[in-house]
Amino acid sequence: MAGSGWRLLAADFLMSLMWVWSSVLNKILVHRVLGYGAHELKGQIIRYAVSILNMFLFGFMAKATKGGAYNPLSLLSAAISGDFSNFLFTLGARIPAQVVGSVYGVRLILDIFPGVGRGPRLNVDIAKGALTEGFLTFVIVIISLGLSRKMTNNFFMKTWISSLSKLSLHILGSDLTGGCMNPASVMGWAFANGEYITKEHLIVYWLAPLEATLAATWVFGILVRPEKDDPQSKSSKLN
C-alpha cells in the first residue's frame, strides 16, 4: 500500500502540473504559433480538437499510472463509495498533491511565459457562479460515473464520450465562470494571483463543485442500483 500510495501521489502531482501547462500550450499554439484570433472559427476548431486529443493523452496517463488523476472531483466521487481509509488518503494526501502540482505548474508557466494569462475569471455574481460550476460539475460527475459503470472495458469510447462531454460543458460555462470543473487547476492560478482565499474563489470554485460531486454521487447511487440476479438466471446458472 505504501509503495502504490507514493506512486499515486507522484502521478497526481505530475499530471496536475502538466494539466495546467496543456491548456496554456494549446492557447499558445493556436494564437501565437498559428496566428488565429480569439474568436476565429478555424482557431476555435483547432483548439477544441487539440483539447480532445489532450484528454485522450491524460486518459492514457491515468491508465498507465494505474489511477493517477489531475482533478480532485474525480478522486472524490470514487472515494465516497470506497472504504474509509481510501477516503482519508484521498482527502488528506492525493487532493493536496494535485493542488501543489497545479500551483507549481502555474508558477513555471508565469516564469517562462510572463503575462500569458490570469486563469479563469468569474464574470457573474457569486450566486450565479456557484450555481454554474455546481451544475456543470453535477452533470459531468453523473456522466463519468455512468461511463465507469457501463464502459469499463472500452477505453476509446469511454474517453471519447467523456472528452466531448467535458468540452461541451466547458464551452457552456466558459463565459460565466470559465467552465473549469477542476478546483486544483483553478487553485494554481488563484494562488499565483493572490486570490486563493477570496470568498469568490472558495465558494464558486471549491464549495460548489464539491457539494455538486457529493450530490451527484448520492443521486447516481439511488438511480443506478446494483443489478440483482433474478430467480430464473440463478436456476439457469445452477443447471
Side-chain angles (χ1 to χ4, degrees), residues 8 10-31 33-34 36 41-78 94-95 97-99 101-102 105-106 108-109 116-117 119-120 132-133 135-175 177-189 205 209 212-213 216:
L8 285 175
D12 292 340
F13 175 86
L14 290 174
M15 289 178 66
S16 298
L17 187 150
M18 294 172 65
W19 179 256
V20 295
W21 263 88
S22 64
S23 61
V24 171
L25 292 177
N26 191 357
K27 292 179 182 178
I28 292 175
L29 170 66
V30 173
H31 301 311
V33 177
L34 299 179
Y36 290 106
L41 180 59
K42 289 183 179 179
Q44 290 180 344
I45 292 174
I46 294 174
R47 184 177 169 185
Y48 296 150
V50 172
S51 295
I52 292 176
L53 292 175
N54 184 54
M55 282 185 262
F56 267 93
L57 172 62
F58 277 86
F60 279 115
M61 291 175 61
K63 192 173 182 180
T65 57
K66 298 181 180 179
Y70 58 87
N71 192 331
L73 304 180
S74 61
L75 292 181
L76 184 61
S77 61
R94 296 194 66 184
I95 291 178
Q98 292 176 330
V99 171
S102 299
V106 172
L108 287 174
I109 290 170
V116 73
T132 300
E133 282 294 311
F135 170 76
L136 298 177
T137 300
F138 182 88
V139 174
I140 197 58
V141 171
I142 289 288
I143 293 174
S144 299
L145 290 173
L147 291 174
S148 298
R149 181 180 175 86
K150 298 296 183 182
M151 294 186 176
T152 55
N153 298 321
N154 194 332
F155 172 79
F156 178 82
M157 285 303 300
K158 179 181 176 181
T159 308
W160 174 250
I161 296 173
S162 176
S163 300
L164 288 181
S165 301
K166 290 177 182 177
L167 181 59
S168 300
L169 292 171
H170 167 73
I171 295 172
L172 184 63
S174 59
D175 291 335
T177 63
C180 306
M181 300 169 288
N182 186 334
S185 179
V186 182
M187 181 66 172
W189 290 101
Y205 296 108
T213 301

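None of these values were measured; they are calculated from a predicted model.
Side-chain contact between M187 and S102: absent, with no pair of heavy atoms (C-beta onward) separated by less than 4.5 Å. Residues K158 and S148 are in side-chain contact: their nearest non-hydrogen atoms beyond the backbone lie under 4.5 Å apart. Between M151 and I161 the shortest side-chain heavy-atom distance falls below 4.5 Å. The closest side-chain heavy-atom distance from L75 to D12 is below 4.5 Å.
Expressed to the nearest 0.5 Å, how far CG of L169 lies from CG of L164 amounts to 11.0 Å. Here the straight-line distance linking atom CG of D175 with atom OG1 of T132 works out to 11.0 Å at 0.5 Å rounding. A distance of 4.5 Å separates CD1 in I142 from CZ in F138, rounded to the nearest 0.5 Å. Taken to the nearest 0.5 Å, the CD1 atom of I28 stands 12.0 Å off from the CG atom of L34. A distance of 4.0 Å separates OG in S165 from CD1 in I143, rounded to the nearest 0.5 Å. A distance of 9.5 Å separates CZ of R94 from OG of S16, quoted to the nearest 0.5 Å.
Surrounding NZ of K27 are at most 12 heavy atoms belonging to other residues, nucleotides or ligands under 6.0 Å away. The number of heavy atoms from other shown groups lying within 6.0 Å of CH2 (W21) is above 12.
Judged as a side-chain hydrogen bond (donor to acceptor under 3.5 Å, both in side chains), and not counting sequence neighbours, the contacts of E133 are T177.
Using modelled atom types, no side-chain atom of W189 and backbone atom of V106 make a donor-acceptor pair closer than 3.5 Å. A donor-acceptor distance shorter than 3.5 angstrom exists from the side chain of S174 to the backbone of I171, with no hydrogens or angles considered. Side chain of H170 to backbone of G178: a donor-acceptor contact under 3.5 angstrom is found.
A side-chain contact (heavy atoms from CB on, under 4.5 Å) with S77 holds for exactly one of N71, I140, T213, T137; it is T213.
The shortest non-hydrogen separation linking P183 to L73 is CD-CG, 3.7 Å.
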S185 vs Y70, side chain to side chain contact (heavy atoms under 4.5 Å, CB included): CA-CA, chis, key distance, verdict: CA-CA 8 Å; S185 179; Y70 58 87; over 6 Å; no
As a quick check of understanding, evaluate side chain to side chain contact (heavy atoms under 4.5 Å, CB included) for M15 and T65, giving each step before the final call. CA-CA 10 Å; M15 289 178 66; T65 57; 4.2 Å; yes
Pair up each side-chain donor or acceptor in residues 44-63 with any protein partner under 3.5 Å, not counting sequence neighbours, and list the distances.
residue, atom, partner, partner atom, Å
S51, OG, N26, ND2, 3.1
S51, OG, R47, O, 2.9
N54, ND2, S22, OG, 3.1

